[in-house]
Amino acid sequence: MSKAAKEAGAPLAIPFARVRCDGRELEHVKEVLASGWLTTAGKTLEFERLFKAAVHGRFACAVNSCTAALHLALEALGIGPGDRVLVPTMTFTATAEVIRYLGADPVFLDVEYGTCLLTPELLEEAITKEPGAKAVVIVHFGGQAAAILAADGMPGILDLCRRHGLKAIQDAAHAFPTRLRGQMVGSFGDATCFSFYANKTITTGEGGMLVTEDGQIYERAKVMRLHGISRDVWDRFTGAQADWEYDVVAPGFKYNLPDLSAAVGLAQLERAEDYRRERQRCASFYYQHLQGLRGVDLPVCQGSPEDHSWHLFWLVLGEESAVGRSRFIELMREAGIGTSVHYKPLHRMTYYRQRYGLKAEDYPAAERHWQGAVSLPIYPSLTNAELEYVCRTVRGILNG
Ligand SMILES: *Cc1c(COP(=O)(O)O)cnc(C)c1O
């Protein structure tokens with residue numbers, strides 16, 4: 001992009017994210033508008049039913065964010081004041097803030113360099129150091145599943161949780177559709193939380209889903225999602241009982257997903273696997289064209305690339321790389337390419353650092369990742385010509 005164009009505030013030629021809504025979104029939304037019922041009703045029920053089927057889950061509870069789903073999951077699992085909950089430092093603040101909502105305390109863990117995932121080894125070490133923890137939140141970082149299930153005779157994270165009496169909550173905000181050796185994320189574990197925020201793999205603008213195998217967690221989440229009312233709104237207006245009659249059994253929240261949003265979600269869901277395949281095309285392109293840059297690491301994909309949702313693709317610029325991270329981001333922007341950073345780890349955030357007296361040297365892998373991490377554009381509408389331009393630009397900057 002020319003300097004003049006940049007000063008005029010011209011949009012980036014290749015933004016970091018671009019939402020695609022060219023399926024049946026309008027069709028579904030029109031039905032909702034015509035029905036005259038915009039909040040939670042039939043479309044949301046249908047979205048829950050189809051999403052649950054897509055992830056091979058047992059129960060699904062639609063909510064207005066993944067943050068809400070995480071909060072409801074922890075609440076339903078009985079996490080309360082003074083409890084300690086293990087959580088990776090390499091994540092978005094929502095993963096940890098919900099622990100504070102309940103008066104519990106997060107205990108931050110380092111992740112594996114290359115994948116940014118929690119591993120059974122890291123968890124086992126943490127359990128030894130922190131024997132009293134009640135639960136762990138596992139993040140399927142970037143869209144790749146953590147080693148939740150046993151493999152090759154080695155216990156998975158869920159096995160360790162069972163053995164040590166820890167509840168396991170999965171933050172799958174990046175991980176739809178994601179598989180672990182062919183099994184859908186959402187089909188195993190106590191509670192799995194998905195995000196439909198605007199820049200996630202499928203979107204409802206704002207939205208989320210709690211998927212669980214456990215009927216009790218589901219029932220509790222459903223009540224707490226809507227003010228702690230014992231019947232949901234839809235049921236109140238269609239059920240056999242009089243519509244004015246309801247009871248409040250707890251001080252619940254206002255987390256229901258409106259039908260207007262669910263309508264968009266239904267259309268997105270129809271194309272989720274196509275979108276995933278397109279992002280995989282972007283990732284393969286990057287792996288093919290960005291190998292061998294001095295001092296630059298690419299993300300490690302452990303399983304089949306078909307199992308990965310490819311929400312993120314990052315570079316880590318090490319000390320040997322031709323330019324540092326900030327300069328790299330600046331030069332990319334000058335070339336019209338948007339980038340982002342995932343994430344500044346939570347142990348570096350003022351609130352957590354000060355409240356829990358956290359030290360960067362206790363998180364060597366997260367530090368190594370974050371110091372040089374840059375996320376590249378990765379979305380279905382990115383053409384091969386655009387990918388070619390991104391790779392040429394990256395190589396131009398980093399070969400220099
Ligand atoms: C986006 C995100 C969330 C929160 O999702 P919302 O739907 O915006 O609440 C939680 N965890 C991770 C890792 C995320 O990236």
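Atoms within a ligand are numbered from 1 in the order they appear, just like the ligands themselves.
In this structure, F108 has its ring center closer than 6.0 angstrom to the ring center of Y352.
Among protein residues, S65, C66, T67, T91, F92, A94, T95, D171, A173, H174, S195, Y197, K200, G207, Y343 come within 4.0 Å of ligand 1, judged on heavy atoms.
The neighbour count for K52 NZ, taken as heavy atoms of other residues, nucleotides or ligands under 6.0 Å away, is above 12.
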- Task: Please report the C-alpha distance between R20 and S381 in whole Å, then the side-chain angles of each, then the deciding distance to 0.1 Å, and finally whether the side chain to side chain donor-acceptor pair (under 3.5 Å) criterion is met.
- Result: CA-CA 7 Å; R20 192 153 173 191; S381 64; 5.6 Å; no
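In this structure the side chain of Q170 never reaches within 4.5 angstrom of the side chain of V211, judged on heavy atoms.
Both V55 and I202 sit in one connected hydrophobic cluster of ILVMFWY residues. Membership requires side-chain heavy atoms under 4.5 Å apart, directly or through other members.
Classification of E48 and R225 as a salt-bridged pair holds, one side-chain N sitting under 4.0 Å from a carboxylate O.
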